[in-house]
Structure formats: structure tokens, C-alpha cells
Amino acid sequence: MRKGRLTIYNTLSGNKELFCSINKDFVGMYVCGPTVYNYVHLGNCRTFISFDLAYRYLLHLGYQVRYVRNITDVGHLESDADEGEDKISIKARLEKLEPMEIVQQYTIDFHQVMNAFNALPPNIEPTATGHLIEQIEFIQSILKNGFAYESNGSVYFDVEKYNKAFPYGELSGRKIEDLIANSRALDGQNEKRAPLDFALWKNASAEHIMKWPSPWGIGFPGWHLECSAMSGKYLGETFDIHGGGMDLKFPHHECEIAQGCAATGQKPVNYWMHANMLTLNGKKMSKSAGNSLLPNELFSGENNLLNKGFDPMVVRFFMMQAHYRSTLDFTSDALSAAEKGFKKLMLSLENLAVIVPSDQSTIEVSSLVDSFYDAMDDDFNAPALVANLFEAVKQINAILEGKESLKKEDLALLKDEMCGFVFEVLGLKPILEKSADNRLVGVMDLIMDLRTSARENKDWSTSDKIRDGLLNAGIHVKDEKNGASWK
RNA sequence: GGUCUCGUAGCCAAGUGGUUAGGCACCGGUCUGCAAAACCGUCUACAGCGGUUCGAAUCCGCUCGAGACCUCCA
């Protein structure tokens, strides 16, 4: 346990702040989840992996964390023109399916992908459609406090009125005057009093397929609202950490703050965290721009951008080599580099497991361990942690070569902390080799035996032929001091 | 157009007033029949110009370049 030194960059203040949870030893964390109208792409995954890292480190520090990440299954409009259509409805019509079939299909995909990336599941994964009552009640609170108005069966948030009581634009650093000056005049905004106002509840036309009854008529909830309603329900009126992608800062998170303040009179969140984008060819990865890569394409290598497939753990390690607040550029070359580094780290951990303790230590294990914590305490600086882990790798190699040594307690500490940081905090795990069946093992024993005989007789042409032939079959032969091995 | 962020060696990427980041590649070496793998070593950069400072990649200004948000987005 080493609580009390963690600093988090808070978007609200623009500074790294010492993290102090509302309730000692407990942390409430909410992260905006995906809208399940399509397959999650790699950029989406980066955000969730970034917050998985934060979640894991908080757990590692000994906090009891309630991690809530929603599934948006309604209310996310195609555009903000308010005549925009719900993303899920569009997909449902196109594929001639029930909206909930779309939701189910892509939720399952999302879970499979997150699982492949070894991301821990959240403690609660609420859906918007499962919390309509909470959303309606939330709107009623805002209406009661006078920060919203009803118009033609819809309810809108009154941004200008709110701005007189609370600052609007604090999170994204925007001034309401600038926003008004720059907002576009869109068609179909007759219901709204001002362009900046956003929908809390929208009335539904007859042909609309996803709709529910409400005090204002048949309709559906606004996108910004669900996160306020669900985070409030499970984490309270004010909670510790709210995360999401950088692109949600405005307007989504700004609106969440406004909704929270308008409903309860207090700021809903203490620490706002924003994960940066994954870029492809220097541009933000995004579905709508057609600039995205799907995880399964990456794993299989079936994409023109890739030379080969990559294991999910390699991709995760690749992401851990960049700070969550920096953009990360995706290239096949960068991923290949990460693959080698990842294997080096994993090999070193295997070696660490078999090191024999000595009478004395020539390495200061405690300062190595401190460097791990220092890195992560500094706003979850995973790339610095990785660099420090490679320092440890260097030391482990020196021990293997007999240049350095560790006594029992130090060795145990190093094993404990390295495994803790690599497996629990970074969330990496060894790549499972395809297990060979018994018959192959028997055949390989025979072949390796024959090759060893050939080598003993200096029959290099035979031994090389066996080695090359096996390589073609995808089996690598390694000649080591104590004999050859294969995998 | 407005707001903001970034520009670090061949590539990816930390750092953010003074001390080697790290990974990959390259090159040299150890090992090896040869190779592969592994290990060791080497390479030592901060877009440009100007300013502040004893000292700047780090702070300030300007220029150039890239990106994000302002419209759905993780």
C-alpha cells in the first residue's frame, strides 16, 4: 500500500493535483462507454485501456474502487441538429433488425475485444435504456430548479440561464459569448430558445422506433443526460473521477457538469480525466472519417496497413509505451518494435522466476521499486514505468551473467513488485503459445533427436535442412549451450 | 474564423530550467559449425529565429509545420 502520493492531471484545473478521494480508501470512477451501433475500433479501445490502467493502479494502491462504465444504447443522435436520427435506429433500419439486436451484437463484440485486451470489467455497466426512470427524475430536478424548459413535448437545458448561476464552459475553457458567436445556425431548432441549449428529452415522431412515455409525452432521452443520471445513481451527487476520450470534453462533459450542478447545486466530479486520441496517418482514428482499424483486423493482420497480425498483448504494451494524455500514432513498424520489447520484458520475467538467491545483494531493489511507484504516481506515467522496468530487466540479465546478485528477501521483493506492475498494473500477460498435441511432441522428439545426431556427426547439410524445413512449418529451432529446443 | 494542444535522434516515445529516459532499427562485440535467438556495447536528439537566465529541449515572443475541439465521435 502506497497511497497518498498519486497525482492526477485534472482537466478542470489544468494541473496535476494530489489525488484525495472523497471517502478514504474508496474511489468512485465513471467512464463514458461506447455507443454500441458498430464494432469498436482501435481508437475507442485506447481510451478504455487508458482507464483500465488507472483503475488497475488505484486497485494496486489498495483503494476499493467502484468503476462504472456505461453502454449507450439510445439517445446518441447522428448530428446535433436535433432532427438527427438515433445512431442505433439508423443501423437497425439498415440491417432490418430490432434496435436491441444491434445493441446486443455490438455489446458482445465490445466485451470480447476488451477481454482480449485484458481490460478488467467495470463493477457496474449500466445501459441508458435501463435507466429511463432515473433520467426522467433527473430532468424533473433540473426543471424544478428552473434550468430547463419544456417545448412541444421536448425538454431543453437553458444554457444561458444556467450560466448566470454557474460558470458554463469551465472544463473546456470556453466562454459562452464565443460559443454563441460561433454556433452554427441549424435548421429544425424551432423548439429551442437558443442555439446553445441542448436536449434533455426529445419528443418522438410516429415513425421513431425507440421511444418511451414520459411526463412530456412519448420520446427518448438526450445523450448527455444518461451519464449524469447513471453516475449519480451509482456514485452519488459528487464523485471522485470521471473519464472519457478527449473528444468528449466538449460538449458532452461540459453538459454533464451543467446538468449535475443544475440538478443538485454541486459539481458532480472532482477529477476530470481525458484520454488522448489514437491517430492513424497523423489523423484521429474515427469511424465516420473512415480512418479506423478494427481490433480483429489487427489481431489477424487482415488489413492493408499491416504487415502481419499482432497479439492483443503486444498492442496493449504498445499503448503502455505512450502517456494516456498524448496522442499516439499507429504504425505497423511501431507495433513491430513494441512486439520485440514486449517479448524481451516477458522473457526477463521468466528468467527472474528461476534466479537463485545469493548471500548478498549488489543491487538496490528498493530504489528500483520506488521508481515504479514514482512513475505511476506521476499521473499514471506508464511509459516512464516501462522504462524503469527495462532498467530492472538489465539488472536481471546482469544477475544471470553472475555480475550482480540478490539475497533472498530482495529477490522476493523484486519478483513481487515486477510481476505486480507488469501483470496487475499494466495488465499484460504472457502470450500463450499454441500448445502442441502429444503426437506432435512425439514426432518432434524424434526429429530433434535425429538432428542432434546429424550435428554430432557434423552433417550440417542434414541439420540445416531439418531446421529450415521446420521453420517453413512454423516451428523455430534454437541451438543453445545445453542442446536444441523448439517452439 | 474562434479556442486549445503538439513538433524530441532512422522509427515509436518519456522528460519539461543544470545530472544516461526507454523500446525498436543500425553498427560493433560475446555465443555459435553457420545462422537464429539471447546478452553486452555504441550512436546521443530536442522545428526555426530571437529574448529571459550563470545556465533552456524545458520559460517568454515571433515564424513555420501538424493535430484536436467548436458538428456525431473514445
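The figures that follow rest on heavy atoms only: side chains count, while hydrogens, waters and symmetry mates do not. Here is how names work: the chains are called A, B, and so on, in the same order as the sequence lines, proteins then strands, and each is numbered from 1.
Taking a pair to require two hydrogen-bonding distances under 3.5 Å in either a Watson-Crick or a G-U wobble arrangement, B:rC46 remains unpaired. B:rU30: Watson-Crick or G-U partner is B:rA38, with both key distances under 3.5 Å. With a cut-off of 3.5 Å on both pairing distances, B:rA14 has no Watson-Crick or G-U wobble partner at all. Base-pair partner of B:rU5: B:rA66 (Watson-Crick or G-U wobble, both distances under 3.5 Å).
In this structure, A:Ser326 reaches the B:rA14 phosphate: one of its side-chain N or O atoms is under 4.0 Å from OP1 or OP2. Residue A:Lys249 places none of its side-chain N or O atoms closer than 4.0 Å to OP1 or OP2 of B:rU3. Of the side-chain N and O atoms in A:Asn276, none sit less than 4.0 angstrom from OP1 or OP2 of B:rA68. Proximity of A:Asn397 to the phosphate of B:rC39: a side-chain N or O atom is located under 4.0 Å from OP1 or OP2. Contact annotation: A:Lys340 does not reach the phosphate of B:rC24 (side-chain N/O to OP1 or OP2, under 4.0 Å).
Checked for salt-bridge contact, A:Lys308 and A:Glu339 meet the test: a charged N lies under 4.0 Å from a carboxylate O. A salt bridge is absent between A:Arg455 and A:Asp459; no separation between the charged side-chain nitrogens and carboxylate oxygens falls under 4.0 Å. Salt-bridge annotation for A:Lys403 and A:Glu401: present, with a side-chain N of the basic residue lying under 4.0 Å from a carboxylate O of the acidic one.
With both ends at atom P, the span from B:rG65 to B:rG48 equals 15 Å, rounded to whole Å. Between the C1' atoms of B:rA9 and B:rU5, the separation comes to 23 Å (whole Å). Taking atom C1' in both B:rU8 and B:rA57, one finds a spacing of 7 Å when rounded to whole Å. B:rA47 and B:rC31 are spaced 44 Å apart, taking the C1' atom of each and rounding to whole Å. Between B:rC4 and B:rC26, the distance separating the two C1' atoms is 39 Å to the nearest Å. B:rC27 and B:rC49 have their P atoms separated by 32 Å, given to the nearest Å. Distance check on atom P: B:rU16 versus B:rU63 gives 28 Å, rounded to whole Å. For the P atom pair drawn from B:rA25 and B:rC39, the interatomic distance equals 11 Å after rounding to whole Å.
Contact annotation: side chain of A:Arg467 to base of B:rA36, donor-acceptor pair absent below 3.5 Å. A donor-acceptor contact under 3.5 Å is formed by the side chain of A:Asp464 with the base of B:rG33. Not a single donor-acceptor contact under 3.5 angstrom links the side-chain atoms of A:Arg325 to the base of B:rC6.
Two rings, from A:His131 and A:Tyr234, have their centers less than 6.0 Å apart. Aromatic ring centres of A:His242 and A:Tyr271 lie farther apart than the 6.0 Å criterion allows.
Side-chain contact between A:Tyr67 and A:Arg69 is present, with at least one heavy-atom pair separated by less than 4.5 Å.
Among the protein residues, A:Lys394 comes within range of the sugar-phosphate backbone only, with heavy atoms under 4.0 Å from sugar or phosphate atoms but none that close to a base.
Atom CG of A:Leu42 is separated from atom P of B:rA74 by 14 Å (rounded to the nearest Å).
Here A:Trp460 packs flat against the base of B:rG33; its ring centre is closer than 5.5 angstrom to the base's six-membered ring, tilted by less than 30 degrees.
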